[in-house]
Engineer: 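Pasting in a structure now, in structure tokens, and then I'll have a few things to ask.
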Amino acid sequence: MRVRIERTGGFAGIEEAVGEYDTDDLPEQEAAKVYEALSAIDAATAEGGYGEVGADLMTYRITVGNGAGRVYTVSDDPSSKAADPLAVLLRPSA
């Protein structure tokens, strides 16, 4: 499964790709962490209620799958339920 992560926002309003990989290319243990993190982000976004706290926060757009796959938008709010899973996605082999 392909995962692409883009970051936008902040004071400078940057937009950049910060991660792209395929779980098929990862060791089994790291791929399992990615699947768990995506499941947690899916649950957190389904619950809602974690909107941006400040205009200067970074926002991450996570695209899962090829082409028009599933897309998640997560703010860089450390209190968000998606904060820990986002960290896993940014460093799948850590």
Side-chain angles (χ1 to χ4, degrees):
M1 171 178 57
R2 298 209 44 82
V3 178
R4 178 175 171 82
I5 306 166
E6 300 165 284
R7 179 173 58 188
T8 61
F11 287 116
I14 65 166
E15 187 169 327
E16 64 183 338
V18 293
E20 186 167 2
Y21 50 89
D22 193 324
T23 56
D24 292 341
D25 297 335
L26 297 175
E28 189 175 322
Q29 188 173 9
E30 279 89 24
K33 289 180 187 179
V34 169
Y35 288 116
E36 285 179 29
L38 288 170
S39 180
I41 286 176
D42 188 52
T45 57
E47 288 178 14
Y50 67 87
E52 282 190 31
V53 176
D56 60 333
L57 287 178
M58 302 300 273
T59 301
Y60 293 87
R61 183 174 47 245
I62 304 161
T63 305
V64 180
N66 295 326
R70 177 93 169 132
V71 177
Y72 301 98
T73 302
V74 178
S75 69
D76 192 19
D77 176 2
S79 66
S80 166
K81 291 181 180 179
D84 290 339
L86 176 61
V88 169
L89 295 179
L90 289 171
R91 293 181 285 288
S93 59

Engineer: Go through Asp84 and Val88 one step at a time and tell me if the side-chain contact (heavy atoms from CB on, under 4.5 Å) criterion holds.
Structural biologist: CA-CA 7 Å; Asp84 290 339; Val88 169; 6.0 Å; no

Engineer: Please determine whether residues Val18 and Leu89 belong to a single hydrophobic cluster, defined as Ile, Leu, Val, Met, Phe, Trp and Tyr linked transitively by side-chain heavy-atom distances below 4.5 Å.
Structural biologist: yes

Engineer: To the nearest 0.5 angstrom, please state how far the CD atom of Glu6 sits from the OG1 atom of Thr73.
Structural biologist: 10.0 Å

Engineer: In chain order, what residues pass the salt bridge (charged side-chain N to carboxylate O under 4.0 Å, His left out) check against Arg7, with sequence neighbours excluded?
Structural biologist: Glu16

Engineer: Met1 and Gly65: which non-hydrogen atoms are nearest, and at how many Å?
Structural biologist: CG-N, 4.3 Å

Engineer: Measure the CD-NZ distance between Glu28 and Lys33 for me, rounded to the nearest 0.5 Å.
Structural biologist: 12.5 Å

Engineer: State which residues pass side chain to side chain donor-acceptor pair (under 3.5 Å) with Tyr72; sequence neighbours excluded, sorted by chain then number.
Structural biologist: Asp42, Arg70

Engineer: Kindly write out the residues that satisfy side chain to side chain contact (heavy atoms under 4.5 Å, CB included) with Glu36, not counting sequence neighbours, or none if the list is empty.
Structural biologist: none

Engineer: Taking only residues two or more places apart in sequence, or in another chain, which ones meet Asp22 in a salt bridge (charged side-chain N to carboxylate O under 4.0 Å, His left out)?
Structural biologist: Arg2

Engineer: Suppose we screen for side chain to side chain contact (heavy atoms under 4.5 Å, CB included). Which residues come up paired with Ala31, at least two apart in sequence or across chains?
Structural biologist: Thr23, Leu26, Tyr35

Engineer: Find out whether Leu86 and Leu90 are in side-chain contact, i.e. whether some heavy atom of one side chain is under 4.5 Å from a heavy atom of the other.
Structural biologist: yes

